[in-house]
Amino acid sequence: TQTITLVPPPEIENATLQITPPPYARQSIEMNTVDLGSGHDDRALRAPAVLRGSSIKLTLTLNKPLALLNESLPWQTLLGYQTDTQNNNTTAPIRIHPENSDNSQSSDRWLLEWTMTENVNFSPHLIDQYGIAGSDDARFRIDMTEDHPPTISMTDPLSDMTVLPDAEIQLAAEARDDVQIRDLRIEALIHSSNATSTQTATPSPDTNSTTNNSSAISKPKPIIIDSLSGTDRVESLKSPLALKTLSVKPGDIVELSAIAADTFSLNNESHPEIRSIPRQLRIISQAEFVEQIYRDLSAVRQRAISIVGLDE
């Protein structure tokens, strides 16, 4: 007599994705576990995008033990492994082994581990020890996302201003990042109305004659008005500014900027500091201030007369 054994074709019953963010992001992003299902629905194709540099553990649960590390076919072929670029210089190596063992024995639970550097796709074409092939309609996709530099803006003042030397104004800035703001500060640069270039006479090194050299106008040094160390994706900084503490005078211009940096640090890469669009405070005298008020009142009066004329 002959015995015929019916065996099911090999299939992936379930896939689980464990995402551990890179070290610099672990204060703000927690480890996440995602159920990708069997590869036949949206769960397998719409997993949350993974931050570049994250550590990935993909656990595949099969319907029966398979030897994915056999000598006849590479595991990349059996699992239909592909990246978007197929560039060996950028693709991180993947370590694959049975979940509870490091040898190549048959197992129904396999673990794939790698560091995320680009988008990854799996289109399994499993074959068991009898040569029976499973279906080829399962699909898994894991997308990578970059950590982008922060954005920064001065929220107060919203535009340039004309102020007196002893004015007190409110400053405010806001920084946003996709992972975490590291620090945020507001700086002032004072462009003095008395800044001039000077000329000096120096002997020529090879003759007895003299040469006129113009020294460049010294660049003003930034003054830190206020700062904070960030702990979140969005950070705000508010600070009053008494201009008399800067010893400004009529004719000076105070340039205000907000500067932010994020926590990104990966493979010796980091993001440069980001600077906001500056706001300028033009310092005027008391006489100029009174004259400006009169001009503004005159403009209001003229608009009022025009409105009355239209009504009549």
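In this chain, numbering begins with 1 at the start of the sequence shown. All heavy atoms count here, side chains included; hydrogens, waters and symmetry mates do not.
Taken from NE2 in H271 to CG in D177, the straight-line distance is 8.0 Å, to the nearest 0.5 Å. To the nearest 0.5 Å, atom CD1 of residue I152 and atom CD1 of residue I277 are 11.5 Å apart. Summarising the geometry, atom CD1 belonging to I283 is positioned 5.5 Å from atom CG belonging to L281; distances are rounded to the nearest 0.5 Å. Atoms CG and CG, from L256 and D160 in turn, are 9.5 Å apart once rounded to the nearest 0.5 Å. Taking CD from E269 and CZ from F264, the interatomic distance works out to 4.5 Å, rounded to the nearest 0.5 Å. The distance from the CG atom of L17 to the OG atom of S54 is 10.0 Å, given to the nearest 0.5 Å.
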Donor-acceptor pairs under 3.5 angstrom involving side-chain atoms of residues 18-27: please list them, not counting sequence neighbours.
unit_1 : atom_1 : unit_2 : atom_2 : d
Y24    : OH     : D147   : OD2    : 2.8
R26    : NE     : P21    : O      : 2.7
R26    : NH2    : P21    : O      : 3.3

Just do the side chain to side chain contact (heavy atoms under 4.5 Å, CB included) check on I132 and V7 with the steps written out, would you? CA-CA 9 Å; I132 298 175; V7 296; 3.2 Å; yes

Verify side chain to side chain contact (heavy atoms under 4.5 Å, CB included) between E13 and T61, making sure each step is shown before the conclusion. CA-CA 6 Å; E13 290 186 338; T61 302; 4.2 Å; yes

Go through the steps for L69 and I96 under the test side chain to side chain contact (heavy atoms under 4.5 Å, CB included), then give the verdict. CA-CA 8 Å; L69 297 179; I96 177 172; 3.7 Å; yes

Apply side-chain hydrogen bond (donor to acceptor under 3.5 Å, both in side chains) to the pair E113 and H97, showing each step before the final yes or no. CA-CA 9 Å; E113 301 176 270; H97 57 88; 2.9 Å; yes

Decide yes or no on side chain to side chain contact (heavy atoms under 4.5 Å, CB included) for V248 and V254, but give the supporting numbers first. CA-CA 8 Å; V248 293; V254 179; 3.8 Å; yes

List the steps and the verdict of side-chain hydrogen bond (donor to acceptor under 3.5 Å, both in side chains) for N14 and T16. CA-CA 7 Å; N14 190 68; T16 302; 3.3 Å; yes

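Ionic pairing of E273 and R185 is present here: one or more N-O contacts between side-chain nitrogen and carboxylate oxygen are shorter than 4.0 angstrom. A salt bridge links E187 with R275: the distance from a Lys NZ or Arg NE/NH1/NH2 to an Asp or Glu carboxylate oxygen falls below 4.0 Å. A salt bridge between E255 and R282 is absent, with no side-chain N of the basic residue lying under 4.0 Å from a carboxylate O of the acidic one. Note on D42 versus R141: no salt bridge recorded, every NZ/NE/NH1/NH2 to OD/OE distance being 4.0 Å or above.
F122 and L68 fall within the same hydrophobic cluster, defined by Ile, Leu, Val, Met, Phe, Trp and Tyr side-chain heavy atoms under 4.5 Å apart, directly or through other members. In the hydrophobic clustering of this structure, I253 does not group with V163; members are Ile, Leu, Val, Met, Phe, Trp, Tyr whose side-chain heavy atoms approach within less than 4.5 Å, directly or through other members. In this structure, L66 is a member of the same hydrophobic cluster as L60, with clusters built from ILVMFWY side-chain heavy atoms closer than 4.5 Å. Linking Ile, Leu, Val, Met, Phe, Trp and Tyr residues whenever their side-chain heavy atoms come within less than 4.5 Å places I293 and I284 in a single cluster.
Side-chain atoms of S123 and N121 include no donor-acceptor pair closer than 3.5 Å. Donor-acceptor pairing under 3.5 Å is recorded for the side chains of E11 and S135. Between the side chains of H40 and D137, a donor-acceptor pair is found at a separation under 3.5 Å.
Within 6.0 Å of the NZ atom in K238, the count of heavy atoms belonging to other residues, nucleotides or ligands does not exceed 12. Around atom CG of L297, more than 12 heavy atoms belonging to other residues, nucleotides or ligands sit under 6.0 Å away. By the 6.0 Å contact criterion, CZ on R176 is open, its count of non-hydrogen atoms from other residues, nucleotides or ligands being 12 or less. Counting heavy-atom neighbours within 6.0 Å of K64 NZ, excluding the residue itself, gives a total above 12. Annotation: Q170, atom CD; neighbour count of heavy atoms from other residues, nucleotides and ligands within 6.0 Å is above 12.
With a 4.5 Å cut-off on side-chain heavy atoms, D166 and L243 do not count as touching. W110 has its side chain out of reach of E99: every pair of non-hydrogen atoms, C-beta onward, lies at least 4.5 Å apart.
Under the 3.5 Å distance criterion, the side-chain polar atoms of D183 are left unmatched by any main-chain donor or acceptor of L228. A donor-acceptor pair under 3.5 Å is absent between the side-chain atoms of R182 and the main chain of G230, judged by distance alone. T155 contributes no side-chain N or O that, together with a main-chain N or O of E174, makes up a donor-acceptor pair within less than 3.5 Å.
Taking all atoms of both residues into account, the shortest heavy-atom contact from E146 to D178 is O-OD2, 3.7 Å. Residues P220 and L189 approach most closely at O-CD2, 3.3 Å, considering heavy atoms.
Listed by first then second residue, pairs satisfying ring pair (Phe, Tyr, Trp, His ring centres under 6.0 Å) with a partner in residues 124-169 number zero, not counting sequence neighbours.
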